[in-house]
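Values below: every heavy atom of this structure, side chains too, minus hydrogens, waters and symmetry copies. Here is the naming used below: chain letters follow the sequence lines, and residue numbers restart at 1 for every chain.
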Protein chains: 2
Amino acid sequence: MDAKERLIESARELLWDRGYVGMSPKAIQDRASAGQGSMYHHFENKEALALTAIERSTEELYQAAKNDLASPHTAIERIAAYLKRERQVLRGCRAGKLTQDPDVMANPKLRRPLQKMFTRLQQRLARVLEEGKMTGEFEPTMGAKDIAATVIAVLQGAYVLARAENSVEPFDRAIRGVLFLLEAQTPPLRPKRKGLRNRT
Amino acid sequence: MDAKERLIESARELLWDRGYVGMSPKAIQDRASAGQGSMYHHFENKEALALTAIERSTEELYQAAKNDLASPHTAIERIAAYLKRERQVLRGCRAGKLTQDPDVMANPKLRRPLQKMFTRLQQRLARVLEEGKMTGEFEPTMGAKDIAATVIAVLQGAYVLARAENSVEPFDRAIRGVLFLLEAQTPPLRPKRKGLRNRT
DNA sequence: GTCTATAATTCGATAGAC
DNA sequence: GTCTATCGAATTATAGAC
C-alpha cells in the first residue's frame with residue numbers, strides 16, 4: 001500500500017473515531033507513517049484529503065446496504081438482513097457521525113457525499129417497501145417513504161443509544177423493536193406470499 | 001445574569017453547535033463576554049464547565065420528555081405528543097450529538113449524565129407502553145423495552161437524516177412512519193378504550 | 001515523492017496585579 | 001471577581017533541500 005493510500009485509510013479511521021474537528025493532519029500522518037511533505041504532496045490540504053476519505057466511506061456503506069437489500073428474499077427478510085448485519089456498534093456509523101460534525105456540515109463540499117448517501121439509501125429502501133406492499137407483506141396504506149426514513153433513523157439512533165450507555169444492548173433492542181412493528185404489519189390471516197416477487 | 005451563569009449558557013450553546021472537541025475556552029469566553037480570569041475563577045477547567053453545562057441540558061431534556069409523556073391522554077397520544085413536540089431539528093439533539101463526541105465518550109465524568117438521561121428516558125417510555133398494553137392499545141406480545149428503544153432511536157436518527165439532507169422533511173417522515181407503525185398495533189376491531197387509564 | 005525547517009495562530013491553562 | 005501577561009504544546013500549513 002503506497003503512501004497516498006495509507007493517508008486515505010488513516011483519514012477514514014480518524015474521521016470515524018474523532019470526526020473532522022477532532023482530526024489533525026499530524027495524527028493522520030502518524031497513523032499513516034507518512035511525513036508532512038508526503039501528505040501535502042498528495043493532497044492540497046486537510047479538507048481535500050477528508051473529502052476523498054468521506055466519498056470512499058459513503059460509497060462503501062451504500063454498496064453494502066444495496067447488497068443486503070437485494071438478496072433474493074421477501075421484503076421483510078431483506079430489511080431484516082440490512083438491520084441485523086454485523087456492525088461495530090460502539091464505534092458508531094462512519095457516515096452518521098459526520099452529520100453531527102460542525103465543520104463537515106458547514107462545508108458544502110464535505111456534506112454533499114453524506115447527503116447523497118442518505119438520500120439514495122432512503123430511495124432504495126422505499127422501493128423494497130413498495131415491493132412488500134405488492135406482495136401483501138405490508139398494509140397498502142403504508143407510506144413507503146415514511147417507513148424508509150423510520151427504518152434508517154432507527155439504525156442511526158440505535159448507535160446513539162449504544163454509545164450513550166456504552167453497550168450494544170439498547171442497539172439490539174431498538175432493532176428488535178422496529179422489526180416487531182414491521183412484522184406486525186402482516187396480519188396472520190393474510191399469509192405472506194413468498195416467491196410472489198419472482199412472478200413474470 | 002452574572003458571569004458564571006453566562007459562562008454556563010455559553011458552554012451549553014457551544015456544546016450544542018460544536019461539541020466538546022470543537023469548543024475552545026476562548027470561544028466560551030467571547031460568547032459569554034467574560035475574560036479568561038473570570039472563567040478560570042468559576043471553573044477549574046474546560047472539563048468542569050462542560051460537565052455543569054451537560055448536566056443542566058440532560059436534566060432539562062428529561063423533564064421536557066417526562067412532561068410530554070405524563071399528559072392526561074392515551075399511551076399513543078402521549079408518545080405522539082413527545083415525538084411531535086416542536087424542536088430545532090437542524091441543530092440536532094443537545095444530548096444525542098454529544099454521544100458522537102470522542103472526548104466526551106472517552107471521559108466517564110462527561111458521559112455519565114448522558115447515560116443517565118437516555119436510560120431514564122427509555123424506562124419512562126417503556127412504562128407508558130406497558131400502560132398502552134393494559135388498555136388494549138398495543139399487542140400483549142409487544143416488548144415494551146424494545147419499542148421504547150426503537151421510539152427514542154427514531155427520534156435520534158431523525159435528527160441525523162435531517163442534518164444529512166439539510167432539511168426537516170426526512171425528520172418528519174421518520175416520525176410519521178413510526179407513529180403509523182405504532183397506531184397499526186391497535187386493530188380496528190379491538191377499539192381503543194380511552195379513559196380506561198383513569199379507572200379506580 | 002519525501003524530508004526537515006520554519007512559522008503564524010490557536011489551545012488550554014497559570015500567575016500575579018488590581 | 002476580573003484583568004492582562006505569559007507559556008508550552010498543538011494546529012495547519014509553507015518553503016526548500018534531497
_Matching residue for Val151(B) among Val128(B), Ile79(B), Ile175(B), Asp146(B) - test: side chain to side chain contact (heavy atoms under 4.5 Å, CB included)_ = Ile79(B)

_Between dT11(D) (C1') and Glu47(A) (CD): distance, integer Å_ = 16 Å

*Contact nearer the 5' end of DNA chain C, comparing Gly35(A) with Asn45(B)*: Gly35(A)

*Are any of the side-chain nitrogens in Arg56(A) or Glu9(A) under 4.0 Å away from the carboxylate oxygens of its partner?*
yes

*Euclidean distance, atom NZ of residue Lys4(A) to atom C1' of dT2(C) [Å, nearest integer]*: 15 Å

*side-chain N/O Lys26(A) vs dT11(D) OP1/OP2, d < 4.0 Å*: no

*Roughly, in whole Å, what's the span from CD in Gln29(B) to C1' in dT4(D)?*
13 Å

*Can you tell me how far P of dA13(D) sits from CD1 of Ile28(A), to the nearest Å?*
10 Å

_Let's see if you can work this out: which of dG12(C), dT2(C), dA13(D) has an atom nearest to the side-chain heavy atoms of Tyr40(A)?_
dA13(D)

*Nearest-Å distance for atom pair CD/C1', residues Glu5(A) and dG1(C)*: 16 Å

*Phosphate OP1/OP2 of dC11(C) contacted by Ser24(B) side-chain N/O (<4.0 Å)*: yes

*What nucleotide, of dT14(C), dA13(D), dG1(C), holds the atom closest to the side chain of Gln36(B)?*
dT14(C)

*Compute both the distance and the angle, then confirm whether Arg87(B) meets the cation-pi test with Tyr82(B): under 6.0 Å from the six-membered ring centre, within 45 degrees of the axis.*
yes

*asked:* Measure CG/Asp30(B) against P/dC3(D) and give the value in whole Å, please.
replied: 12 Å

*Starting from P on dC11(C), measure out to CG on Leu14(B) and report it in whole angstrom.*
11 Å

_Residue-phosphate contact under 4.0 Å: His41(A) side-chain N/O, dC3(C) OP1/OP2_ = no

*asked:* Given Phe180(B), which partner from the list Leu181(A), Ile147(A), Thr150(A) fulfils the side chain to side chain contact (heavy atoms under 4.5 Å, CB included) test?
replied: Ile147(A)

*Interatomic distance, Lys46(B) NZ vs dA9(D) C1' [rounded to whole Å]*: 15 Å

*So, Glu130(B) and Arg127(B), do they make that salt bridge, N to O below 4.0 Å?*
no

